[in-house]
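Below: one structure, written as structure tokens.
For the single chain, residues carry numbers from 1 onward in sequence order.
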Amino acid sequence: LAHDTRRLSEHQTSMRDLLRAIVVLSVTLVVAAATAWAASAHSATLLGLPAPLVAAAVAFAVNLAAFVPAALLRTERFYDATGTLSFLAVLAVALAAAPSWSLPRVLPALLVAVWTLRLGSFLVARIRRASKDGRFDEIKGRPARFFVAWALQALWAQLTSLPAVMLVSAREERTLSAIELAGYAL
């Protein structure tokens with residue numbers, strides 16, 4: 001009886017995790033799609049779709065592709081590397097869609113890439129030193145909950161890179177103002 005009760009409790013926990021994951025994923029996808037769509041009004045297209053929308057899809061695809069082996073291996077060891085790759089992939093989409101590679105387009109992408117590599121190298125080095133990330137101890141053995149972390153990372157990469165994606169993939173060419181140059185210099 002105790003064994004059956006424990007199995008029932010584990011099943012109920014798994015179902016709750018799955019429902020939460022479905023809700024979080026649904027909200028995450030709606031937020032990503034809505035913000036990407038809103039940012040698409042003046043963007044160039046790639047594969048017939050607005051660049052911010054393609055960039056959002058790529059961020060989610062990168063994280064989903066990395067989640068599968070991470071869940072199977074029950075490891076978070078390449079979570080931070082995947083976050084770094086997500087940012088770089090989103091920037092690559094924006095650059096691929098860009099009508100030109102002028103300074104006003106390339107500069108924001110370059111600065112975001114430098115920040116991404118700096119933060120990513122720090123996070124990857126930290127996980128290599130520690131050999132684990134305690135934030136994942138409770139969830140990496142529970143695939144639905146573990147998936148939520150990866151979906152939120154995709155949304156984070158998409159949302160925080162969105163201003164750069166908009167600048168890089170804008171249909172109209174623009175010049176840098178003195179204020180922008182001063183801001184970039186900082």
Are more than 12 heavy atoms, taken from residues, nucleotides or ligands other than [X], located less than 6.0 Å from that residue's [atom1] atom?
| X | atom1 | value |
| --- | --- | --- |
| Ile179 | CD1 | no |
| Trp37 | CH2 | no |
| Arg128 | CZ | no |
| Glu172 | CD | no |

When rounded to the nearest 0.5 angstrom, what distance separates [atom1] in [X] from [atom2] in [Y]?
| X | Y | atom1 | atom2 | result |
| --- | --- | --- | --- | --- |
| Arg145 | Asp17 | CZ | CG | 5.5 Å |
| Trp115 | Leu110 | CH2 | CG | 14.5 Å |
| Leu91 | Leu111 | CG | CG | 10.5 Å |
| Leu123 | Thr84 | CG | OG1 | 6.5 Å |
| Thr116 | Arg118 | OG1 | CZ | 9.5 Å |
| Arg20 | Met15 | CZ | CE | 12.5 Å |

Closest heavy-atom pair and its distance - [X], [Y]:
| X | Y | result |
| --- | --- | --- |
| Ser169 | Arg105 | C-NH1, 3.9 Å |
| Ala21 | Ala144 | CB-O, 3.4 Å |
| Ala149 | Tyr79 | O-OH, 2.9 Å |
| Val90 | Ala55 | CG2-O, 3.5 Å |
| Leu167 | Arg174 | CD2-NH2, 3.4 Å |
| Ala33 | Leu53 | O-CD1, 4.1 Å |

Are [X] and [Y] grouped together when hydrophobic residues (ILVMFWY) are joined by side-chain heavy atoms under 4.5 angstrom apart?
| X | Y | value |
| --- | --- | --- |
| Ile139 | Phe147 | yes |
| Leu29 | Val31 | yes |
| Leu159 | Leu64 | yes |
| Phe146 | Leu155 | yes |
| Val27 | Leu25 | yes |

Note: Arg126-Asp133 ion pair, threshold 4.0 Å (strictly below)
yes

Under 4.0 Å between a side-chain nitrogen and a carboxylate oxygen: does that hold for Glu76 and Arg135?
no

pair [X]-[Y]: side-chain heavy atoms closer than 4.5 Å:
| X | Y | answer |
| --- | --- | --- |
| Thr160 | Phe87 | yes |
| Ser14 | Arg142 | no |
| Leu176 | Tyr184 | yes |
| Arg77 | Ser131 | yes |
| Leu162 | Thr35 | yes |

Would Gln153 and Ser86 satisfy side chain to side chain donor-acceptor pair (under 3.5 Å), going step by step from the backbone distance to the final call?
CA-CA 9 Å; Gln153 176 170 259; Ser86 298; 4.9 Å; no

Take Leu88 and Leu117, measure what side chain to side chain contact (heavy atoms under 4.5 Å, CB included) needs, and give me the verdict at the end.
CA-CA 9 Å; Leu88 296 175; Leu117 292 170; 3.8 Å; yes

Judged by modelled atom types alone, do Ser43 and Arg171 share a side-chain donor-acceptor pair under 3.5 Å?
no

What do you reckon, are the aromatic ring centroids of Phe60 and Trp150 less than 6.0 Å apart?
no

